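Worksheet: the structure to be examined is printed underneath.
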Amino acid sequence: MSMTDVFDDDSFFFLDESELSDRRGRIEQQVVNREVVLTRIPEQAGRDTHEVVRFDLDTRLLRIFPKSYRSGDLVPQFRYVTEIQVEDSEWDPSSHSQEHTQYNLLAAKGLPRGFNTIYDFGLGIGKQFRSFVDSLEEHTTRSILRFVGDGDEGLDEDGLTLRVKFSRFSEYRAAVDLYRDRGWTVVRRVIEAETHNAIAPLFDLPEAEPIRGRHPMVKLLTEEVATGHVMNVTDRELLADAVTNAAPVLAGEAPERLVKLRDDIELVSLDALISQFERDLSGRFASNEGHWQGFFNRNRFALQLLFAAPVSVEWQQAHVRSSDATGSGARIADFLCANVVTKTVLLVEIKTPGATLMAAQAYRGQGTEAAVHVPHKELAGAVAQVQSQMSSISQHFPQMIPSTSTVDPWNQPQGAVIVGRVSTLTSEQRESFLRYRDGLADVTVLAYDEVLERLKGLREMLGASPGSP
């Protein structure tokens with residue numbers, strides 16, 4: 001006996017009523033003009049009853065009315081699309097619902113993959129795949145989206161329906177699932193690296209970089225998650241290869257073009273660097289010290305902006321005093337630099353943009369123009385830390401460095417701290433900060449927003465046309 005023989009207007013087989021209720025409501029089932037109709041009747045007062053599914057017994061056309069649960073009730077899922085149809089559906093009206101094992105709520109069976117199934121949450125396209133419909137709505141205001149098999153795609157003459165092959169949606173859904181899986185793999189790898197870096201200083205371990213893998217998309221996603229911006233490795237390599245191969249010819253034919261190309265590449269790189277730096281000042285890396293140590297290690301020229309002298313970075317995480325037999329007492333500088341002319345040691349301590357510079361409450365003169373603020377412990381501690389490292393240079397460091405070292409530990413060392421943001425200070429706090437900073441001997445304190453302005457100044461200088469004021 002066929003399904004169309006079983007289901008008619010007078011006698012038909014449905015699920016038992018006891019199987020169609022959950023703690024939030026029930027499903028009413030009936031046949032109207034050869035269409036099986038399912039209606040959701042909520043238990044909670046004030047929530048609306050609404051149709052969720054219609055199924056044509058003769059044409060096997062499945063109709064779903066997409067909803068989303070928001071603000072305590074079900075609302076339309078999309079701007080324009082109010083009905084989703086599936087041609088030649090395999091939906092079985094004699095076994096259409098079951099209890100969802102995770103939520104213990106009634107759920108629809110037999111819906112296409114990528115669809116929400118829990119009645120109380122609203123049937124329709126799954127949240128992670130709704131951008132497919134959102135994109136369609138950027139180009140049409142049709143209210144019915146019909147998924148077809150091998151039929152023609154496009155706008156129907158009824159003025160209401162947009163026909164799209166279901167295979168197109170299935171391929172999109174599979175791609176989204178694939179990239180979500182890769183994304184979770186990438187996130188796990190980045191978190192593993194961050195976890196290692198969080199405890200690395202406790203055991204004198206080197207920092208770890210996230211595993212980027214071999215697949216180009218995984219590399220791209222890892223770069224985005226780890227740094228907050230997309231850096232296409234393949235494109236960079238192709239560009240470098242092209243410039244390298246063309247350089248000898250270009251140098252002979254048009255040397256000025258080669259110089260201009262090199263300068264343009266440097267400016268683009270600097271623009272990307274500034275953009276990343278500015279974005280991360282107040283983003284998720286604002287209080288991540290490991291991120292900023294990694295930033296300055298990858299972009300060491302930025303450290304040269306701290307000193308009015310030619311500087312080279314000699315070591316990162318340099319031990320300027322070794323530990324004792326118990327493993328304690330070591331002093332480690334984030335960066336040990338050297339003046340390339342005088343060989344003077346320059347110690348740089350990296351804190352975070354989120355570090356507090358000055359105490360919130362005035363030490364004297366609260367509420368007056370004469371208010372005096374003392375340095376916050378995050379600033380004072382960083383300065384004291386670099387000062388202790390400087391004191392270790394002449395006492396302990398000479399015995400620790402190789403004889404071929406390019407630094408002279410007997411010269412009076414200098415120190416620098418990159419910490420906090422001046423833009424977070426009140427006018428009274430700023431005055432106190434400047435007085436404190438100016439009074440330090442042999443230690444330069446520079447805030448992150450000041451480093452940013454120096455980077456922008458460098459960009460402006462490099463980008464200026466020759467002869468421009």
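Bear in mind that the values here come from a model prediction, so they are computed numbers and not experimental data.
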Separation between CG of L123 and CD1 of I64, rounded to the nearest 0.5 Å: 6.5 Å
Taking all heavy atoms of V422 and all of A447, pick out the closest pair and write down the distance. CG2-CB, 3.5 Å
Interatomic spacing from NE2 in H291 to CD in E289 - rounded to 0.5 Å: 12.0 Å
Test L106 against Q98 for side-chain contact (heavy atoms from CB on, under 4.5 Å), laying out the working first. CA-CA 6 Å; L106 206 59; Q98 63 184 1; over 6 Å; no
What residues form a side-chain contact (heavy atoms from CB on, under 4.5 Å) with N197, not counting sequence neighbours? E207, A208
With sequence neighbours left out, what residues match E83 under salt bridge (Lys or Arg N to Asp or Glu O under 4.0 Å)? R63
Any chance you could lay out the side chain to side chain donor-acceptor pair (under 3.5 Å) test for S427 and R430, step after step, and finish with the verdict? CA-CA 5 Å; S427 58; R430 187 180 299 110; 5.6 Å; no
Measuring only between side-chain heavy atoms, which start at C-beta, is V445 closer than 4.5 Å to F433? yes
What pairs of residues pass the ring-ring contact (aromatic ring centres under 6.0 Å, His included) test when at least one of them lies in residues 111-130, not counting sequence neighbours? Y103-F121
side-chain hydrogen bond (donor to acceptor under 3.5 Å, both in side chains) partner of D120, chosen from R40, Q44, R23, H100: R40
Quick one: does I118's side chain get under 4.5 Å of Y69's, heavy atoms only? no
If a pair satisfies side chain to side chain donor-acceptor pair (under 3.5 Å) and one of its residues is in residues 104-118, list it, with sequence neighbours excluded. S95-K109
Ignoring hydrogens, what is the shortest heavy-atom contact between P112 and V86? Give both atom names and the distance. CG-CG2, 4.1 Å
Specify the closest pair of heavy atoms between D48 and H50, including all atoms of both residues, with the distance to one decimal. O-ND1, 3.6 Å
For residues E349 and I418, determine if any side-chain heavy atom of one lies less than 4.5 Å from a side-chain heavy atom of the other. no
Check against side-chain contact (heavy atoms from CB on, under 4.5 Å), T352 and V419: CA-CA 5 Å; T352 70; V419 59; over 6 Å; no
Holding to side-chain hydrogen bond (donor to acceptor under 3.5 Å, both in side chains), I want the full list of residues that pass it with Q128, two or more places apart in sequence or in another chain. none
How about S143 and Y80: do any of their side-chain heavy atoms sit closer than 4.5 Å? no
Exactly one candidate in R163, K165, R168 meets side-chain hydrogen bond (donor to acceptor under 3.5 Å, both in side chains) with E153; the answer is R168
Tell me, do M358 and L425 make a side-chain contact under 4.5 Å, heavy atoms counted? yes
Once salt bridge (Lys or Arg N to Asp or Glu O under 4.0 Å) is applied, do any residues pair with E99, and if so which ones, sequence neighbours excluded? none
With sequence neighbours excluded, what pairs up with F147 under the ring-ring contact (aromatic ring centres under 6.0 Å, His included) test? F166, F169
May I ask you to say whether E450 pairs ionically with R454, meaning some side-chain N is under 4.0 Å from a carboxylate O? no
Identify the two heavy atoms, one from Q429 and one from T426, that lie closest to each other, and give their separation to 0.1 Å. OE1-N, 2.9 Å
Could you measure the distance from the OG atom of S432 to the CG atom of L357? Nearest 0.5 Å is fine. 12.0 Å
Under 4.0 Å between a side-chain nitrogen and a carboxylate oxygen: does that hold for K127 and D134? no
Interatomic distance, CD1@I350 vs OH@Y448, rounded to 0.5 Å, equals 5.0 Å
Taking atom types as modelled, find out whether K351 and Q293 have a side-chain donor-acceptor pair closer than 3.5 angstrom. no
Working to the nearest 0.5 Å, report the span between CD1 of I144 and CD1 of I84. 11.0 Å
Listed partners of D177 passing salt bridge (Lys or Arg N to Asp or Glu O under 4.0 Å), at least two apart: R173
Partner set under side-chain contact (heavy atoms from CB on, under 4.5 Å) for A416, not counting sequence neighbours: L306, F307, V348, T444
CG of L455 to OG of S275: how many Å apart, nearest 0.5 Å? 12.0 Å
Do you know which two heavy atoms are closest between S68 and R130, and how far apart they sit? OG-NH1, 3.4 Å
Taking every heavy atom of A286 against every heavy atom of P353, the minimum-distance pair comes out as O-CD, 3.0 Å
Does the pair Y172 and S167 meet the rule for a side chain to side chain donor-acceptor pair (under 3.5 Å), with working shown? CA-CA 9 Å; Y172 165 79; S167 60; over 6 Å; no
Residues passing the side-chain contact (heavy atoms from CB on, under 4.5 Å) test with L136, sequence neighbours excluded, are F132, L145, L162, V164
Taking C-beta and beyond as the side chain, do L446 and V417 meet within less than 4.5 Å on heavy atoms? no
Candidate list F285, F335, F277, test ring pair (Phe, Tyr, Trp, His ring centres under 6.0 Å), partner W292, passing option: F277
K456 and E278: CA distance, side-chain angles, deciding distance, salt bridge (Lys or Arg N to Asp or Glu O under 4.0 Å) verdict: CA-CA 10 Å; K456 289 181 177 180; E278 191 165 19; 3.3 Å; yes
Can you name the residues that form a side-chain contact (heavy atoms from CB on, under 4.5 Å) with Q414, not counting sequence neighbours? L346
For R421, enumerate each residue passing the salt bridge (Lys or Arg N to Asp or Glu O under 4.0 Å) test, keeping only those at least two apart in sequence or located in another chain. none
With heavy-atom distances below 4.5 Å as the criterion, would you say the side chains of L347 and V345 are in contact? yes
Donor-acceptor pair, distance only, cut-off 3.5 Å: does the side chain of H376 make one with the backbone of A359? no
Is E43 atom CD crowded by more than 12 heavy atoms from other residues, nucleotides or ligands, each under 6.0 Å away? no
Between D442 and M390, is there a side-chain heavy-atom distance shorter than 4.5 Å? yes
Verify, without hydrogens or angle tests, whether Q77 (side chain) and K67 (backbone) share a donor-acceptor contact under 3.5 angstrom. yes
